[in-house]
Amino acid sequence: MSTPTIRQALDAVEKFENEPTPEEAVAQHYEEVQRRNRHLAAKLDEEAISAIEEHFETHLPCFQGSKGNYDQLDAMRRDAHREVCLWLRHIVKKYKKH
């Protein structure tokens with residue numbers, strides 16, 4: 001293992017000094033999430049979410065699939081799709097422009 005040069009050490013210190021504090025990093029992440037959610041809400045409406053639900057059959061009980069029998073993986077996927085649709089509805093409702 002070689003010893004770092006002075007230039008490498010100074011570059012490392014400069015890089016460290018330019019990084020945001022944990023508080024700044026959290027604030028930046030929060031702002032980015034808000035921006036993405038606003039954009040998503042602007043592009044989605046109830047009709048689009050209903051089409052997604054229909055495509056993934058989220059209205060069916062977990063034990064009833066298109067094949068008519070119980071499949072654990074199918075139930076897990078349907079539940080996950082249902083949760084995504086609920087989250088999309090929440091985002092649209094929260095960021096809906098009045």
Side-chain angles (χ1 to χ4, degrees):
M1 183 183 326
S2 64
T3 305
T5 64
I6 293 175
R7 170 62 22 215
Q8 290 171 329
L10 289 173
D11 288 344
V13 168
E14 183 179 336
K15 181 181 176 187
F16 178 76
E17 289 174 346
N18 291 334
E19 288 189 10
T21 65
E23 294 81 12
E24 291 170 337
V26 168
Q28 289 172 355
H29 176 71
Y30 183 75
E31 289 171 8
E32 177 63 18
V33 168
Q34 298 300 314
R35 185 192 65 76
R36 286 185 299 191
N37 287 347
R38 280 191 302 274
H39 181 73
L40 183 63
K43 302 295 182 186
L44 280 178
D45 60 3
E46 184 60 36
E47 185 179 342
I49 296 171
S50 294
I52 293 168
E53 287 177 327
E54 184 178 329
H55 176 76
F56 290 109
E57 299 178 321
T58 60
H59 62 286
L60 295 175
C62 66
F63 55 83
Q64 180 184 354
S66 56
K67 298 175 187 171
N69 56 7
Y70 181 74
D71 178 6
Q72 292 175 342
L73 290 176
D74 192 36
M76 181 180 65
R77 281 189 291 270
R78 184 172 289 113
D79 186 52
H81 293 142
R82 181 179 167 275
E83 291 297 321
V84 168
C85 290
L86 290 173
W87 176 77
L88 290 172
R89 275 202 174 86
H90 169 74
I91 294 299
V92 169
K93 183 178 176 182
K94 184 176 179 180
Y95 292 95
K96 188 176 180 180
K97 302 292 181 199
H98 296 285

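Just so it is clear, the values below take in all heavy atoms, side chains as well, and ignore hydrogens, waters and symmetry mates.
Between Tyr95 and Arg38, the closest heavy-atom pair is CD2-CG, 3.3 Å. Residues Pro20 and Ala25 share a closest heavy-atom pair of CB-N, 4.1 Å.
Taking CG of Leu88 as the reference point, atom CG of Leu40 lies at 6.0 Å (rounded to 0.5 Å). Atoms CZ and CD1, on Arg36 and Ile91 in that order, are 10.5 Å from each other to the nearest 0.5 Å.
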Please report, to 0.1 Å, the donor-acceptor pairs under 3.5 Å made by any side chain of residues 79-87, with sequence neighbours excluded.
from	atom 1	to	atom 2	distance (Å)
His81	ND1	Arg77	O	3.1

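Under the rule for a side-chain contact (heavy atoms from CB on, under 4.5 Å), the partners of Gln8 that lie at least two apart in sequence or sit in another chain are Pro4, Thr5. Residues passing the side chain to side chain donor-acceptor pair (under 3.5 Å) test with Glu32 are Arg35, sequence neighbours excluded. By the side-chain contact (heavy atoms from CB on, under 4.5 Å) test, Glu23 pairs with Thr21, sequence neighbours left out.
Listed by first and then second residue, the ring pair (Phe, Tyr, Trp, His ring centres under 6.0 Å) pairs that reach into residues 23-46 come to none, sequence neighbours excluded. For residues 45-55, the pairs satisfying salt bridge (Lys or Arg N to Asp or Glu O under 4.0 Å) are Glu46-Arg89, Glu53-Arg89, with sequence neighbours left out.
Under a 4.5 Å side-chain heavy-atom cut-off, the cluster of Ile, Leu, Val, Met, Phe, Trp and Tyr residues that includes Leu10 is completed by Ile6.
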